[in-house]
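Because only heavy atoms are used, hydrogens play no part in the values below, and waters and symmetry mates are left out as well, while side chains stay in. In what follows, chains carry the letters A, B, and so on, assigned in the order in which the sequence lines appear, proteins first and then strands, with residues in each chain numbered from 1.
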There are 2 protein chains.
Amino acid sequence: MTTETLNIRQMCDAFDVTPRTLRFYEAKELLSPVREGQKRLFTKRDRARLKLILRGKRFGFSLEEIRQLLDLYHMNDGQEAQLSKTYVLAEKHLADMEAQKAELEEAIGELKEQMAWGAEKLAQLAKKKTAAA
Amino acid sequence: MTTETLNIRQMCDAFDVTPRTLRFYEAKELLSPVREGQKRLFTKRDRARLKLILRGKRFGFSLEEIRQLLDLYHMNDGQEAQLSKTYVLAEKHLADMEAQKAELEEAIGELKEQMAWGAEKLAQLAKKKTAAA
DNA sequence: AGGAAAGTTGACGCATACGTAAACGTAACG
DNA sequence: CGTTACGTTTACGTATGCGTCAACTTTCCT
């Protein structure tokens, strides 16, 4: 394996982000790339986390929320207390996302209605034009 | 009808936002309440728009994006050029939302997997505890 | 008339999420 | 050995989305 880890530029290209963003995420403890000298090397784990971070962002979560949620995907056999706390957080998160999904479906439905109305209007205008020709 | 329009406080209570927020949205031309003297009165139209604004925010759209999208719900028989431009925007928006929905479904699936794993771990810990007792 | 209640317009403040420029390290290439 | 490329830290700058006074007006109550 030649691509066990990625340097910062490869990472940026792979995820379409800037170096600044990756360093920022590291500062916020969302990522923890290893160092080769002073250079960052991003592991498979970092890549998985970044994917989740970007996804979280698209769903409107703040970086701080995301930081906490990242643990959900790395439940590492800790204490029962910690694990169950994480699990509860996950339940909330799940409920959140399912609510968002429901709302999204409603919004899609409404938008489609509006578009049908608009399409009809456009069709009428097109007809008038044809008739006038 | 006594509730044809709402004053700012009623509007805030109805949508759980602050006066500052409503004034801010007006400044950004997302809302355009009528005036009674210098006081704002929010019409049915404003209420519909605010609902869409808040929804848009939950889906991670910026206020500026939302401002443009609001026209989608008020396609007011304008010029064909304008109307068709709005329609195109709507198509993009729709594609956006459906993509988001797909991603959301994927995310929900993954999270559920993680939770199943976590639940199992917790069950094992519970068993050990019972056995030890 | 006097004062609280509700609303208004500035104007500055602040957290989030980076952008951007400066100054420096280091490693390879010709 | 210079310089080009790539990366680093430090630090200040910036857009977004409001929060939070301050200073007034308007209205309604007593």
N/O donor-acceptor pairs under 3.5 Å from side chains in residues 82-97 of chain B, not counting sequence neighbours:
| unit_1 | atom_1 | unit_2 | atom_2 | d |
| --- | --- | --- | --- | --- |
| B:Gln82 | NE2 | B:Thr86 | OG1 | 3.2 |
| B:Thr86 | OG1 | B:Gln82 | O | 3.0 |

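- Legend: residues meeting side chain to side chain donor-acceptor pair (under 3.5 Å) with B:Thr18, ordered by chain and number and at least two apart, are B:Thr21.
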Distances under 3.5 Å between protein N/O atoms and the N/O atoms of nucleotides 15-17 of chain C, please, pair by pair.
| unit_1 | atom_1 | unit_2 | atom_2 | d |
| --- | --- | --- | --- | --- |
| C:dA17 | OP1 | A:Leu63 | N | 2.9 |

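- The side chain to side chain contact (heavy atoms under 4.5 Å, CB included) search around B:Lys28 returns B:Phe24, B:Leu30, not counting sequence neighbours.
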Produce the list of close N/O pairs, under 3.5 Å, pairing protein atoms with atoms of nucleotides 20-29 of chain C; give distances to one decimal.
| unit_1 | atom_1 | unit_2 | atom_2 | d |
| --- | --- | --- | --- | --- |
| C:dT20 | O4 | A:Arg20 | NE | 3.0 |

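- Rounded to whole Å, atom C1' of D:dT16 lies 17 Å from atom CD of B:Glu29.
- Atom CD of A:Glu26 and atom P of D:dG7 are 14 Å apart (whole Å).
- Closest approach to the B:Arg23 side chain among C:dT8, D:dG19, C:dG19 is made by C:dT8 (side chain taken as heavy atoms from C-beta onward).
- Residues passing the side chain to side chain contact (heavy atoms under 4.5 Å, CB included) test with B:Arg49, sequence neighbours excluded: B:Leu31, B:Arg45, B:Leu70, B:His74.
- Listed by chain and residue number, A:Arg9 satisfy the side chain to side chain donor-acceptor pair (under 3.5 Å) test with A:Asp13 (two or more places apart in sequence, or in another chain).
- The salt bridge (charged side-chain N to carboxylate O under 4.0 Å, His left out) test applied to A:Lys44 returns no partner, not counting sequence neighbours.
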Return all side-chain donor-acceptor pairs below 3.5 angstrom for residues 107-125 of chain B, not counting sequence neighbours, or 'none' if the list is empty.
| unit_1 | atom_1 | unit_2 | atom_2 | d |
| --- | --- | --- | --- | --- |
| B:Glu110 | OE1 | A:Arg55 | NH1 | 3.1 |
| B:Glu110 | OE2 | A:Arg55 | NH2 | 3.4 |
| B:Lys121 | NZ | A:Asp77 | OD2 | 2.8 |

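- Here the P atom of nucleotide C:dT8 and the CZ atom of B:Arg9 are 10 Å apart, to the nearest Å.
- Side-chain N/O atoms of A:Thr21 include one lying less than 4.0 angstrom from OP1 or OP2 on C:dG19.
- Ion pairing between a basic and an acidic side chain is recognised when a charged N comes within 4.0 Å of a carboxylate O; A:Glu105 and B:Lys101 show such pairing.
- Between the CD atom of B:Glu36 and the C1' atom of C:dA6 there is a distance of 13 Å, given to the nearest Å.
- At C:dC18, none of the side-chain N or O atoms of A:Thr18 fall inside 4.0 Å of OP1 or OP2 (strictly under the cut-off).
- Taking only side-chain nitrogens and oxygens, A:Asn7 never comes nearer than 4.0 Å to OP1 or OP2 of D:dC6.
- Here the side chain of B:Asn7 pairs no donor or acceptor atom with the backbone of B:Lys39 at under 3.5 angstrom.
- The nearest whole Å value for the distance from the CG atom in B:Leu22 to the C1' atom in D:dG17 is 13 Å.
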